[in-house]
Amino acid sequence: MIVLKYQKRDEARFISHIDLLRHISRILLRAEIPVKRSNGFNPHALVFFSPPLALGVTSMAEYLTIDTDMPAEEVLTRFNASTPNGLHAICAYGCEKNPNLQARVSAADYIYPYPYREIDFSRVVIEYQKKGETVKEDVSSKIFSARDEDGMLCLRLATGGVNLRPDRLLATLDGIYGIKGSVTDIIKTAQYVAADGKFVDVDDILS
Amino acid sequence: MASFASEFEKLLPEVEKPGRYSGGEWNTPDMSSPARGDMCFCFPDLYEIGMSNLGVQILYDIVNRAEGFRAERCFAPALDMASKLRERGIPLLSIETKKPVKDFTVVGFSIGFELLYTNVLYMMDLAGITFRAEDRKEDDAIVIAGGPCSVNPEPFAPFFDAIVCGEGEDADLELLRRVTEGREKGLTRAAILESIADIEGVYVPSLKREGYRVKKAVVKDFENAPYISKPLVPTVESVHDRATLELYRGCASGCRFCQAGFWYRPIRERSAKRCASLAKDMLKSTGFGELSLCSLSTSDYTELEALEDELSPYCRERGITMALPSLRISSFKPDMAKDSRKSSLTFAPEAGTQRLRDVINKNVSEEEIDKISVAFEAGYDSIKLYFMMGLPTETDEDIAGIAQICRRLKQLYQEKRHKRGLNISVSCAVFIPKPCTPFQWEEQISFEEMKRRQFYLRGLLREIKGVSFSWHGAETSVLEAALARGDRRLSYVIEDAFRAGACFDGWSEHFKWDVWQAAFEGRGLTMQEFTRARALDEELPWDFIDVGVDKKYLARERELAYKGVTTKNCREGCNGCGALKMGRCTIL
Ligand code: SF4
């Protein structure tokens, strides 16, 4: 198994998760990276993703697991020679078995386009549209921490099974700051797996 | 000049499927070096539809390969994007470099369907392009059209400075070249238009006088004609999200209702060797998991077997599916079913009785319908049947024949599989008399008659278990027929309809029948004036285009139709349609 850590930015920010699945299978075909296929009636390539990224958000830390026997270095070069602008792998890890990031990732860091300041997140109610209806939700338990990242606001948010979409916090933050932020200015910088009550960076698990 | 790129980008997260507009598709050519002249290909439908259009991709590729020239694309934005653009005062932009469409040297619309005419105006409006060619200013872009609807360009001719009739492979680039040179030399708009008028296939509406003729553009050397070896890979899933290979152009069957079958004559095939190498190039450069072999009647392709032998192992090794659309029953082979992963078959008998199939020259006999049992043996459990309603000479007996075919298929299925459970879906379009066919003089049945026949067929099919029925809207069929055989007066109707809110007319949820009716009335016209029967000696709006196929040949075919006499497939020998004078039919 090879796990690629890749960036999704520029035009590629606007590739939806469903479309991304098709893009990846095409990239792998173009790159001629031999991917093992599942058995069964409708065989499919064995590739696995980390949790879906909200549309429009830039990410510096997405993960793609590929079941292949090709050496990690070669997968990395071939992959990068076949990606459209905005999708770019930064490193490749070899691993024994599928790290199952889709299920295990539970948090991610996002840098927001606002200068850092201390904010009381003990009660945050967001509003969003779901199937034509307005939903109100208290998401304070899904905001794990806030910190200063080079002067900008960086939040660690629940990701995966329990999830907080980073764009849904924008309206709240706009209200606090009195300026309008755009989804396209949010940057995801790291993903975490919970272990022993701590968040461990996925990179540390893989290396 | 202000750049709209960054402002535009801010809109993207606010609209549905932003990937429609973001660009950056794999295989996008490098756009960084300056171009002498550029052309924006505009497709008047959504990204997902336009990206599946083979013609646009071929032409885009040709222009981008030419030194010093550049092609970009623009699709009709969805309504949500359109209202945001208007709100922020951003004009329609090209996908690649986000340049305002109206600032291109040439703006070229590809029009493939009559119900897209209002969408052309929708895009011009968003782009800030003046609708009527005569009202455009000296420095405005040269706005042209092309695509299948150029078979009768008159209804939309006043909106364009020039129209490419026929195949654009040679004409488009030559036109762009001459317009660019004209601009460089500082020629007037009128002089520029005159300079392109003698390019084969180019029609300049403002120069049309008594006796004006245009010769349809035809690719002479189809074997070596440029083809897209690096198709763009769509960002958002498109309707035909796969590599598409065109095996040949034209059609040897001669179905009398089929416009494409006559319009794309002479019949020109590509060799299996070249097809196979093109297909592999495309698959390699895109990573598509599906290859579609596409032509008007793919299974008639002379070297189909050789091509399949060459491509099957290649595709199998890589897990790529090969799709063969538009199979004809007469060329069905049992192994076709086994090889395919699909469990549903598609067949188009078009008419319910042998008599009517002879009238339309659809070469499908009762015995051949019986051959479908081979497919049942091979494991198929469902079948899609395509028919047309309202064909010339059609009676209720012919419609009852459709139900008869369904019963027969169910019986065959039961004999072969010893069980019930065949699913049949019957889809029935309304016959639309189209220019450049033997039926170009026919009337379209009335609106009421369409409804009556649809109702009658629905009743008959309801009695058969396992049959589902869908039909085309009678309203859109009448409008399509009126626009297809219209003249320049309709440009006013189209403009009025657009201003009154008609747009995306091909989408049933957007189609506004009352708006269209009012638009015709407002100009003192009715749709029936255009759907009526035409006299054989009447001057038809598209007569000035030389399509190769003689008008006399079409009239003779029509006569044979009325006698119920069929015409042989061109593969058995030339029928003398006249297309040979435009190039060789390679099947002969
Ligand atoms: S009738 Fe002859 S010229 Fe016309 S398409 Fe057929 S083979 Fe070609």
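Convention: sequence-line order gives letters A, B, ...; per-chain numbering from 1.
Within a 6.0 Å radius of CD in A:E73, other residues, nucleotides and ligands contribute 12 heavy atoms or fewer. Atom NZ of A:K36 has more than 12 neighbouring heavy atoms from other residues, nucleotides or ligands inside a 6.0 Å radius. The environment of B:K384 atom NZ is sparse: at most 12 non-hydrogen atoms of other residues, nucleotides or ligands sit within 6.0 angstrom. Within a 6.0 Å sphere centred on CD of B:E87, heavy atoms belonging to other residues, nucleotides or ligands number more than 12. The environment of CG in A:D150 is sparse: at most 12 heavy-atom neighbours from other residues, nucleotides or ligands sit within 6.0 Å. Within a 6.0 Å radius of CD in A:E133, no more than 12 heavy atoms belonging to other residues, nucleotides or ligands are found. The neighbour count for B:E509 CD, taken as heavy atoms of other residues, nucleotides or ligands under 6.0 Å away, is above 12.
Taking 4.5 Å as the limit, every side-chain heavy atom of B:P13 sits out of range of all side-chain heavy atoms of A:D167. Between B:E25 and A:E11 the shortest side-chain heavy-atom distance does not fall below 4.5 Å. At least one side-chain heavy atom of A:R13 sits under 4.5 Å from a side-chain heavy atom of B:E9.
The most heavy-atom pairs under 4.5 Å with chain A, out of B:T28, B:L12, B:N27, come from B:L12. Contacts with chain B were tallied for A:H23, A:R30, A:R22; A:R30 has the most, counting heavy-atom pairs under 4.5 Å. Chain B forms the most heavy-atom pairs under 4.5 Å with one residue out of A:D185, A:T83, A:I18, and that residue is A:T83.
The CD1 atom of A:I15 sits 7.0 Å away from atom OG of B:S22, with the distance rounded to the nearest 0.5 Å. Summarising the geometry, atom CD belonging to B:E14 is positioned 7.5 Å from atom OG belonging to A:S182; distances are rounded to the nearest 0.5 Å.
Contact detail for A:F14 and B:P18: the closest heavy-atom pair is CD2-CB, 3.6 Å.
Only the backbone of B:T286 has a heavy atom closer than 4.5 Å to any heavy atom of chain A.
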